[in-house]
Amino acid sequence: MIIGICPVVRRCNSLVVTIPTFILLVLLPSSLAISSTVLPDPNIIQQVTDHPVLHPRNFLEDAALLGTEETFKIFVRKYNKAYSTKEEYVHRLRIFARNIVRAVEHQMLDPSAVHGVTPFMDLTEEEFERTYMGVLGDVTRDQGFAAERVPPSVLETSGLPEDFDWRKKGAVTDVKMQGTCGSCWAFSTTGAVEGANFVATGKLLNLSEQQLVDCDNTCDKTDKRACDDGCGGGLMTNAYRYLIEAGGLEEESSYPYTGKRGTCKFDRDRIGVRVANFSNIPTDEIQIAAHLVHHGPLAVGLNAVFMQTYIGGVSCPLICGKKWINHGVLLVGYGAKGFSILRLGNLPYWIIKNSWGKQWGEEGYYRLCRGRGMCGINRMVSAVAIQVS
């Protein structure tokens, strides 16, 4: 399988809830005329969940408020969008209106999180997946059985802390932005290597994703079609193997990110970290937590179907496909108590670093409920070990 919300060969499955026709008529008028609704503040986008409780009687009010061209204009200003022609503007406006419907659907399916207007609301699902993801293949078979892979150890779990966060210990670099390049697999890889290096040396280095995008063409041992391909997607275990064979990974300062694939400029004399081996972690989420605590941040893959409209809170969808993984991220911690409207109480969650910049999610982070294999979060987890001279 190859990762990246980066291009994905196979689309993940998702449940589509039918919005009543009268709501669609409000959100998607054929003329897309400017609504007469007056926004409380012309510079604030009113979200799906601005009402304390999402109630069917509020749907028309929400639709009229959120589906207007005025709201789209605020979105364009806020996220510095630019469209070259009037036709493109109208096309993106229609997509924006449809995505408002999706945000309402996601809010209904994922009531413990907040869904609404994000920087990606002018992209279709297909465009979003192709541009910002990049896992290729399926997770029904194991991966990474290279000579460099070592079997994961079974760790003691009785003494694990109730809450844990590698950010508070200085092991995580700032949230990065992959841009319109399906290189999430590279950011997931560098995050894991940065964390492992911090655990081993006490030093936090900002490592180069661009080296992986430009230079790594490694293919999976058992599926030769699953090859690292820059902005076309990749797989973290492939990237570990490349780093072992290449000798190591440069720092961001010597090999900066450009957001597009170029000629390989890797310089062995500038290596910042050398990788020794890696291991795939079992699907047991208690074991995943133990490996996270003892070994550092972990590279993970997940189904990102609910992430395009995610704003904050603990995401715990009623249904989310686990077999198809399309996005590579970094697991940096976990919490014991995240409020769940659905369960009228608290639920444990994972803390996940994304690579879509700080304007997305909780300043670039995603919280996903823990202990249920939600969205396949436990299906593709790997740890890396570095060489210490």
Side-chain angles (χ1 to χ4, degrees), residues 1-9 129-137 143-144 146 148 173-197 204-221 223-278 297 299-301 326-330 353-357 380 382 384 386-387:
M1 154 163 309
I2 290 225
I3 281 193
I5 281 171
C6 329
V8 187
V9 170
E129 195 171 32
R130 184 173 64 249
T131 305
Y132 288 97
M133 306 182 200
V135 179
L136 315 177
Q143 297 168 337
E148 302 86 356
T173 56
D174 285 344
V175 171
K176 303 179 183 182
M177 179 57 169
Q178 69 186 67
T180 55
C181 172
S183 55
C184 59
W185 59 276
F187 286 83
S188 179
T189 300
T190 59
V193 177
E194 288 167 351
N197 183 66
L204 181 63
L205 300 180
N206 190 1
L207 299 176
S208 173
E209 293 80 22
Q210 194 63 41
Q211 179 186 332
L212 296 174
V213 170
D214 288 347
C215 307
D216 180 11
N217 300 296
T218 307
C219 296
D220 184 75
K221 287 287 187 178
D223 184 356
K224 298 301 182 182
R225 298 169 300 173
C227 302
D228 292 352
D229 185 28
C231 294
L235 185 65
M236 288 82 82
T237 48
N238 285 349
Y240 297 147
R241 289 176 50 224
Y242 158 76
L243 291 174
I244 292 169
E245 295 166 3
L249 186 59
E250 289 189 45
E251 294 185 50
E252 173 73 16
S253 58
S254 66
Y255 204 148
Y257 189 67
T258 66
K260 58 184 179 180
R261 192 164 198 177
T263 304
C264 181
K265 303 177 182 66
F266 172 56
D267 185 346
R268 288 178 177 271
D269 293 333
R270 295 182 175 181
I271 289 176
V273 177
R274 298 178 185 275
V275 172
N277 55 55
F278 65 92
V300 300
N326 57 6
H327 189 40
V329 290
L330 186 70
K353 181 186 180 185
N354 200 5
S355 53
W356 298 342
M380 185 189 291
S382 57
V384 63
I386 68 160
Q387 295 179 21

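What you see is a predicted model; the values in this text were computed from it and never measured.
Counting only heavy atoms from C-beta outward, the side chains of N354 and L330 never approach each other to under 4.5 Å. Counting heavy atoms from C-beta on, the side chains of L235 and D228 come closer than 4.5 Å. A heavy-atom distance below 4.5 Å is not found between the side chains of V275 and L249. Contact check for L243 versus L212: side-chain heavy atoms found under the 4.5 Å cut-off. Side-chain contact between E251 and N206 is absent, with no heavy atoms from C-beta onward closer than 4.5 Å.
Taken from CZ in F187 to CE in M236, the straight-line distance is 13.5 Å, to the nearest 0.5 Å. Between D216 atom CG and F266 atom CZ the span is 11.5 Å, to the nearest 0.5 Å. A distance of 9.0 Å separates CD in Q387 from CG in N277, rounded to the nearest 0.5 Å. For the atom pair CD of E209 and CD of E250, the computed distance is 12.5 Å after rounding to the nearest 0.5 Å. Taken from OG1 in T173 to CD in E194, the straight-line distance is 4.0 Å, to the nearest 0.5 Å.
Counting only distance, with no hydrogens or angles, the side chain of S183 and the backbone of A186 share no donor-acceptor pair below 3.5 Å. The backbone N or O of G259 lies less than 3.5 Å from no partner atom in the side chain of Q178, so there is not a single donor-acceptor pair. Within the 3.5 Å criterion, the main-chain N or O of D229 finds no donor-acceptor partner in the side chain of W185. No donor-acceptor distance shorter than 3.5 angstrom exists from the side chain of K176 to the backbone of D174, with no hydrogens or angles considered. Checking side-chain atoms of R274 against main-chain N and O of G247 turns up a donor-acceptor pair under 3.5 Å.
Checked against ring-ring contact (aromatic ring centres under 6.0 Å, His included), Y240 has the following partners two or more places apart in sequence or in another chain: F278.
The two residues H327 and S355 come nearest to each other via the heavy atoms CE1-OG, 4.5 Å. A pairwise comparison of heavy atoms in L205 and G272 identifies CD1-O, 3.9 Å as the closest pair.
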*Run the numbers on S208 and E252 for side-chain hydrogen bond (donor to acceptor under 3.5 Å, both in side chains), then give the verdict.*
CA-CA 4 Å; S208 173; E252 173 73 16; 4.7 Å; no
*Starting from the C-alpha separation in whole Å, work towards a yes-or-no answer on side-chain hydrogen bond (donor to acceptor under 3.5 Å, both in side chains) for K221 and N238.*
CA-CA 9 Å; K221 287 287 187 178; N238 285 349; over 6 Å; no
*Would R225 and D220 count as a salt bridge (charged side-chain N to carboxylate O under 4.0 Å, His left out) if you check the C-alpha gap in whole Å, the side-chain angles of each, and the deciding distance to 0.1 Å?*
CA-CA 8 Å; R225 298 169 300 173; D220 184 75; over 6 Å; no
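At most 12 heavy atoms of other shown residues, nucleotides or ligands fall within 6.0 angstrom of atom NZ in K260.
Side chains of N326 and E129: a donor on one and an acceptor on the other come within 3.5 Å. Inspection of the S188 and K353 side chains reveals no N or O donor paired with an N or O acceptor under 3.5 Å. A donor atom on one side chain and an acceptor atom on the other are not found under 3.5 Å apart for Y257 and Q211. Under the 3.5 Å distance criterion, with hydrogens and angles disregarded, a donor-acceptor pair is assigned to the side chains of Y255 and D214. Side-chain contact of Q210 with T258: a donor-acceptor pair under 3.5 Å is present, judged by distance alone.
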